[in-house]
Amino acid sequence: MAELVGAFATSHTPVMLNLPDALSEADRNTIYRHFQQLGKSLAALKPDTVVVVSDDHLHHFFLDNFPAFCIGTGDAYPAPAEHWLRAERQTLKGDSRLGAHLLGEALAADFDPSFSMQLTLDHGVLTPLILADLAASVTLVPLLINCVQPPMPTMSRCLQWGRFIGEAIRSYPGNSRIVILATGGISHDVATPRMGMVNEEFDREFLRLLGTGDDRALIRHATDRVNEAGNGAEEIRNWMVAHGAAKGAAFHVHFYKAVPSWYTGIALVEWRLRE
Amino acid sequence: MIRNWQQDMPSVQAYWINRILYDVHHKQGHLQQYRDDADAYMKDIPLPAEIKSLIRDNEVGKMYLAGANPYLLRAHCLGVKIPEHAFLASLRAVAGEARRG
């Protein structure tokens, strides 16, 4: 059966590409260097496929049909969806076979995702892959969670999804090596009067709880205090999936810094599944 | 404390505001049509004239209060190149009216 060989999470924001100069050169280079290091660590695991857990920012989906969870089952994903994102137009490779496996297992396990064979992906997926030098090399299955338009799935449900995804990957026939990469968050506000506020205390407690194994406290923090951390912090749902899939593996924070100039708490983390 | 969202479920009015913001940036040719004549572009959209004026005049903060999805609002401002300082100032000007709790 396949093996889940790694799990990572990173913040994402379009300003990483669109407004790089809003940040001091030293801070910008430090963050970019950590993304490159994460890319090297991920690539060193020699994954056949990366399950990228992220969210569509109302570029592909709209209010006429907005899934809570959507699994990509295509073999190619154009990106970015945003005409204004400073990123080269490209096509990311997709693993339709693994996507179909995850979809079938989800429905058999009483989860009810939608699926799409023709997704256009946005900065949520593309920006971390570009900064980690992975966009051209990885084959991916996107799992997109609604973190951007209420009503949204609960934090608890996302943790359940993570536990499920981990098991579904491990039941995939063959010897594939799979990595999970969650992107988004952590504390930030997008287009609200608080934009530019970063709640470092929320972020540091969230990161601490990810490492404790106390999932009840993690869910309570994520659920009860997300309004203190901004609408962009709703993307920690994606992190909950990676955390659930990692099943309590050793957790390492490679980098954290509150970066108000990029409007975001920037973190890069890893669950070391082989320690 | 300002809450993360103005609306827990988008109103019908918010739907149409968002429909405009989405279509302008995702449908072929719509951005140019909007730039050429925003009033004509929005003519058949079932929104009150004062809401259409907010959109046309880039009243970012008031669009936020009216229920524009923040991500669509942010993308719109980047897409039509509203200066960053004006975008932020417009949002901060309505802080006192934002939903709290």
Chain A contact via B:Leu88 - side chain, backbone, both or neither, heavy atoms under 4.5 Å: side chain
Gap separating the CG atom of A:Leu143 from the CZ atom of A:Phe115, nearest 0.5 angstrom: 14.5 Å
A:Met16: which of A:Leu23, A:Leu131, A:Val259 passes side-chain contact (heavy atoms from CB on, under 4.5 Å): A:Leu131
Which donor-acceptor pairs sit under 3.5 Å apart between chain B and chain A?
unit_1: B:Ile2; atom_1: O; unit_2: A:Arg194; atom_2: NH1; d: 3.0
unit_1: B:Asn4; atom_1: N; unit_2: A:Asn227; atom_2: OD1; d: 2.5
unit_1: B:Asn4; atom_1: OD1; unit_2: A:Arg194; atom_2: NH2; d: 2.7
unit_1: B:Asn4; atom_1: OD1; unit_2: A:Gly230; atom_2: N; d: 3.4
unit_1: B:Asn4; atom_1: OD1; unit_2: A:Asn231; atom_2: N; d: 3.2
unit_1: B:Asn4; atom_1: ND2; unit_2: A:Val226; atom_2: O; d: 3.0
unit_1: B:Asn4; atom_1: ND2; unit_2: A:Gly230; atom_2: O; d: 3.1
unit_1: B:Asn4; atom_1: ND2; unit_2: A:Glu234; atom_2: OE2; d: 3.0
unit_1: B:Trp5; atom_1: NE1; unit_2: A:Glu234; atom_2: OE2; d: 2.9
unit_1: B:Tyr22; atom_1: OH; unit_2: A:His59; atom_2: O; d: 3.3
unit_1: B:Tyr22; atom_1: OH; unit_2: A:His60; atom_2: O; d: 3.2
unit_1: B:His25; atom_1: ND1; unit_2: A:His83; atom_2: NE2; d: 2.9
unit_1: B:His26; atom_1: NE2; unit_2: A:His59; atom_2: ND1; d: 2.9
unit_1: B:Asn69; atom_1: ND2; unit_2: A:Val148; atom_2: O; d: 2.9
unit_1: B:Asn69; atom_1: ND2; unit_2: A:Gln149; atom_2: OE1; d: 2.8
unit_1: B:Glu84; atom_1: OE2; unit_2: A:Tyr263; atom_2: OH; d: 2.4
unit_1: B:Arg92; atom_1: NH2; unit_2: A:Met195; atom_2: O; d: 2.5

Rounded distance [0.5 Å steps], CG in A:Leu92 versus CG in A:Leu140: 5.5 Å
Rounded distance (nearest 0.5 Å) linking atom CD1 of B:Ile17 with atom CG of B:Leu54: 7.5 Å
Heavy-atom closest pair, residues B:Gly61 and B:Val94: O-CG2, 3.7 Å
Side chain proximity check, A:Val53 to A:Phe69, heavy atoms < 4.5 angstrom: no
Region of A:Leu85 in contact with chain B, defined by heavy-atom distances below 4.5 Å: neither
B:Ala98, part contacting chain A, at a heavy-atom distance under 4.5 Å: side chain
Between CZ on residue B:Arg56 and CD1 on residue B:Ile20, distance to nearest 0.5 Å: 12.0 Å
Under 4.5 Å from a heavy atom of chain A, the part of B:Leu65 involved: neither
Neighbour count above 12 (heavy atom, 6.0 Å) for B:Tyr41 OH: yes
Which of B:Ala68, B:Gly96, B:Ala95 touches chain A most, by non-hydrogen pairs under 4.5 Å: B:Ala95
